[in-house]
Structures are given as C-alpha cells and as structure tokens.
Amino acid sequence: MRRIATLAVTALLLAGCGTQTGGDRGDSGDSVSPSPSPSSSGCTSVPVLHAADSGRTVCLAVGGTVRVALDGAKNRPWTPVTAEGSGLEAANSGIVLLPGDANAAFEAVSAGTVRLGSSRPLCATETGKVSCKGIQDWSVTVVIT
C-alpha cells in the first residue's frame, strides 16, 4: 500500500513538470498567448500579452483590462512596462516574484490608442563573460474602443 501511495505522489509531481512553453526562462521563445477572444462589442482582445505578442495591435473595450507578463531572467531582465498614449490607466498587476520578469496591468478608461513597451539586453550580462550591447525591444499597440 505504501509503495502505491509513493508511486501516486511521484506521478502527480511529474505531471506538473514540462508544462511551461518557450524553453528555459529568458529565452526569446517566451510563452505563447491564448487565442484572441471577441468581446460583446466585437472587439478582439487578448487578456494577457507575452513576449511573443511583440508587434501586434490588439483591441480592448472601455472597462476591459489587459495584462502584460514578460518572462525574463536575472541576467536578461525586462525593463518596467511603459504606456504612451491615452485611454489606459495602470492597475494592480500583482507581485513579480522572479528576477528579470516584467508584469503590468492596465484598465481601459476611455477610447484611444496606447503603445505598451519594454526592452531587455539581447545578450546575457555576466561578469567575465563575452556580452553585446544589443537590445530586444517589445511593443504592442492597444486600441481602446
């Protein structure tokens, strides 16, 4: 009986392994966003934006919320997400627990267009290692209707 319980616990633990997409943390193949879903106003929205969404234009209805979750790494950290334009207001995004990540949330308060942006080093910055001065830019345009 004890052996069966041990096997069951091991199986449950292993079931949770390997479910993260995008390889190791900080890799350029970060999480894939879920399929866009139309709201009642016909506006296509993406509830959570990831690194793979860079360059996209998404639509958000007034009253809606968009979240940004950029998975970085301690040696390739994302800068805090900026918002340029009108129509979005910063909201509580929760707590970022991992070094290098950038999380943000914005609530649509009026019609407008906003460019969300962030960046991080293209190469890891480690003391005594070869590095580069390249920057990976991330931006998404949010149209609020």
Side-chain angles (χ1 to χ4, degrees), residues 5 7-145:
L7 288 174
V9 169
T10 302
L12 288 173
L13 289 173
L14 290 175
C17 294
T19 58
Q20 182 179 356
T21 60
D24 65 344
R25 291 191 44 78
D27 194 30
S28 61
D30 289 315
S31 303
V32 176
S33 294
S35 300
S37 58
S39 68
S40 59
S41 66
C43 182
T44 302
S45 65
V46 177
V48 181
L49 298 169
H50 298 281
D53 293 312
S54 186
R56 289 183 68 181
T57 298
V58 297
C59 190
L60 184 63
V62 172
T65 301
V66 65
R67 295 186 178 280
V68 178
L70 300 175
D71 293 332
K74 188 175 182 178
N75 62 356
R76 289 187 62 212
W78 287 103
T79 60
V81 178
T82 60
E84 298 174 8
S86 63
L88 291 180
E89 195 173 273
N92 185 352
S93 65
I95 298 172
V96 177
L97 298 176
L98 299 172
D101 289 358
N103 288 354
F106 298 92
E107 184 178 342
V109 294
S110 64
T113 302
V114 176
R115 181 189 171 276
L116 301 177
S118 183
S119 63
R120 70 177 178 173
L122 192 56
C123 304
T125 54
E126 296 180 30
T127 305
K129 302 276 184 168
V130 175
S131 65
C132 67
K133 299 293 182 189
I135 299 291
Q136 178 184 1
D137 281 325
W138 178 88
S139 67
V140 171
T141 301
V142 181
V143 179
I144 303 103
T145 55

Problem set entry | Shortest non-hydrogen contact between Ala61 and Ala108, atoms and distance | O-CB, 3.4 Å
Exercise. Which atoms form the tightest heavy-atom contact between Ser119 and Asp137, and what is the distance?
Worked result: CB-OD1, 3.4 Å
Problem set entry | Least distance between heavy atoms, Asn103 atom then Ala69 atom | OD1-CA, 3.5 Å
Exercise. What's the shortest heavy-atom distance between Leu122 and Arg76, and which atoms?
Worked result: O-NE, 3.4 Å
For this session: For the residue pair Val68 and Trp138, establish whether any side-chain heavy-atom pair is separated by less than 4.5 Å.
Result: yes
Seminar exercise, completed: When rounded to the nearest 0.5 Å, the distance separating CZ of Arg120 from CG of Leu70 is 8.0 Å
For this session: Side-chain contact test, heavy atoms from C-beta onward, threshold under 4.5 Å: evaluate it for Leu88 versus Leu116 and give yes or no.
Result: yes
For this session: Over all heavy atoms of both residues, which pair between Val81 and Ala104 is shortest? Give the atoms and the distance, please.
Result: CB-CB, 3.8 Å
Exercise. Which distance, rounded to the nearest 0.5 Å, do you find between the CD of Glu107 and the CG of Asn92?
Worked result: 12.0 Å
Problem set entry | Pro77 side chain near Pro121 side chain, heavy-atom distance below 4.5 Å | yes
For this session: Would you confirm whether Ser118, through its side chain, and Thr79, through its main-chain N or O, come within 3.5 Å as a donor-acceptor pair?
Result: yes
Exercise. Less than 4.5 Å apart, any side-chain heavy atom of Val114 and any of Phe106?
Worked result: no
Exercise. Taking atom OG1 of Thr57 and atom CZ of Arg115, what is their separation to the nearest 0.5 Å?
Worked result: 11.0 Å
Problem set entry | Minimum heavy-atom distance between His50 and Val48, given as atom pair plus value | NE2-CG1, 3.5 Å
Exercise. Any donor-acceptor pair under 3.5 Å linking the side chain of Arg67 with the backbone of Ala105?
Worked result: no
